[in-house]
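Below is one structure, written out as structure tokens; the observations come after it.
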Amino acid sequence: MTVYAIIGGTGLTQLEGLTLSAALNIDTPYGAPSAPVLRGNYAGREVLFLARHGHPHRIPPHQVNYRANLWALKQAGAEAILAVNAVGGIHPAMGTGHFCVPHQIIDYSWGREHTFFAGELDHVTHVDFSYPYDERLRRQLTAALMAESCAYSGHGVYACTQGPRLESVAEIARLERDGCDIVGMTGMPEAVLARELELPYACLALVVNPAAGKSSGVITMAEIERALADGMNQVKAVLARVLGA
Ligand code: HPA
């Protein structure tokens, strides 16, 4: 049975319903991950869980040690990764509360440790990243979203910005011209590091606000937190359905 790891984002720093068997403090060549890797039983199967921003939520997107997180999950035995990400909606279909399982990503982040292939190397490696997300995992997520009667899009282009600030209206207009549908701050380098470790990876994105300029007002943390609180039960139901299948 595939060992799935869930990387929980904002709003998902712990996984209720996980019957804990171990909290692993894993040291990696890249430093410490955001939190202990939790191992336990969820929806009838062994799973791993890692809070991307730590628990409690304290590490901003640009300071997450993505390399340590991915390395630790691999070390703990992960064979596939389901990442949960809160995002802003750019495409008109991506209203608050809508889910997206992106099929593509554009990386606008900078200055992050974004590869395991650095330092003293025997040879240079260029991983293929034509299709950043694993199709089988994507299909599992979309099937679960449908079964849970969630509003979702089975495709979308994820724009990964640097944060921690939100974007300007002009920046969102540019992302839209680039073909982006949703915007978040944590999709990269997580996706490519998973690829470098040969871990199939897919993203379950929950829209928690219209991106800058996509609503009449400004974006408030209160609206984001409300949308997270409203959407998390659906996120958990979707994950349970994928893992229980
Ligand atoms: N922009 C970037 N990241 C985000 C947003 C946003 O509007 N909402 C949630 N994460």
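If you read the sequence from its start, that first residue is 1, and numbering goes on from there. Atoms within each ligand, like the ligands themselves, are counted from 1 in listed order. Hydrogens, waters and symmetry mates are skipped; everything else that's a heavy atom, side chains included, is used.
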* To do: May I ask you to decide whether Arg138 forms a salt bridge with Glu135, counting only side-chain N to carboxylate O separations under 4.0 Å?
  => yes

For [atom], find the nearest protein heavy atom and state the residue, atom name and distance (0.1 Å precision).
atom: atom 4 (C) of ligand 1; value: Val183 O, 3.6 Å
atom: atom 5 (C) of ligand 1; value: Gly88 N, 3.4 Å
atom: atom 8 (N) of ligand 1; value: Asn209 OD1, 2.6 Å
atom: atom 10 (N) of ligand 1; value: Ala86 O, 3.4 Å

* Asked: Partners of Thr96 by side-chain hydrogen bond (donor to acceptor under 3.5 Å, both in side chains), sequence neighbours excluded?
  -> none

* Taking side chain as C-beta onward, heavy atoms only, is Tyr133 less than 4.5 Å from Tyr158? -> yes

* Validation row: Arg112, Gln162 side chains within 4.5 angstrom (heavy atoms) -> yes

* Asked: Is it the side chain, the backbone, both or neither of Leu166 that has a heavy atom closer than 4.0 Å to ligand 1?
  -> side chain

* Using heavy atoms and a threshold below 4.0 Å, how should the contact between Val208 and ligand 1 be classified: side chain, backbone, both, or neither? -> side chain

* **Distance in Å, Ile90 CD1 paired with Arg177 CZ, rounded so as to fall on 0.5 Å steps** => 11.5 Å

* Pair Tyr4-Gln140, side-chain donor/acceptor within less than 3.5 Å -> yes

* Asked: By number and element, which atoms of ligand 1 are closer than 4.0 Å to a non-hydrogen atom of Glu167?
  -> 1 (N), 2 (C), 6 (C), 7 (O)

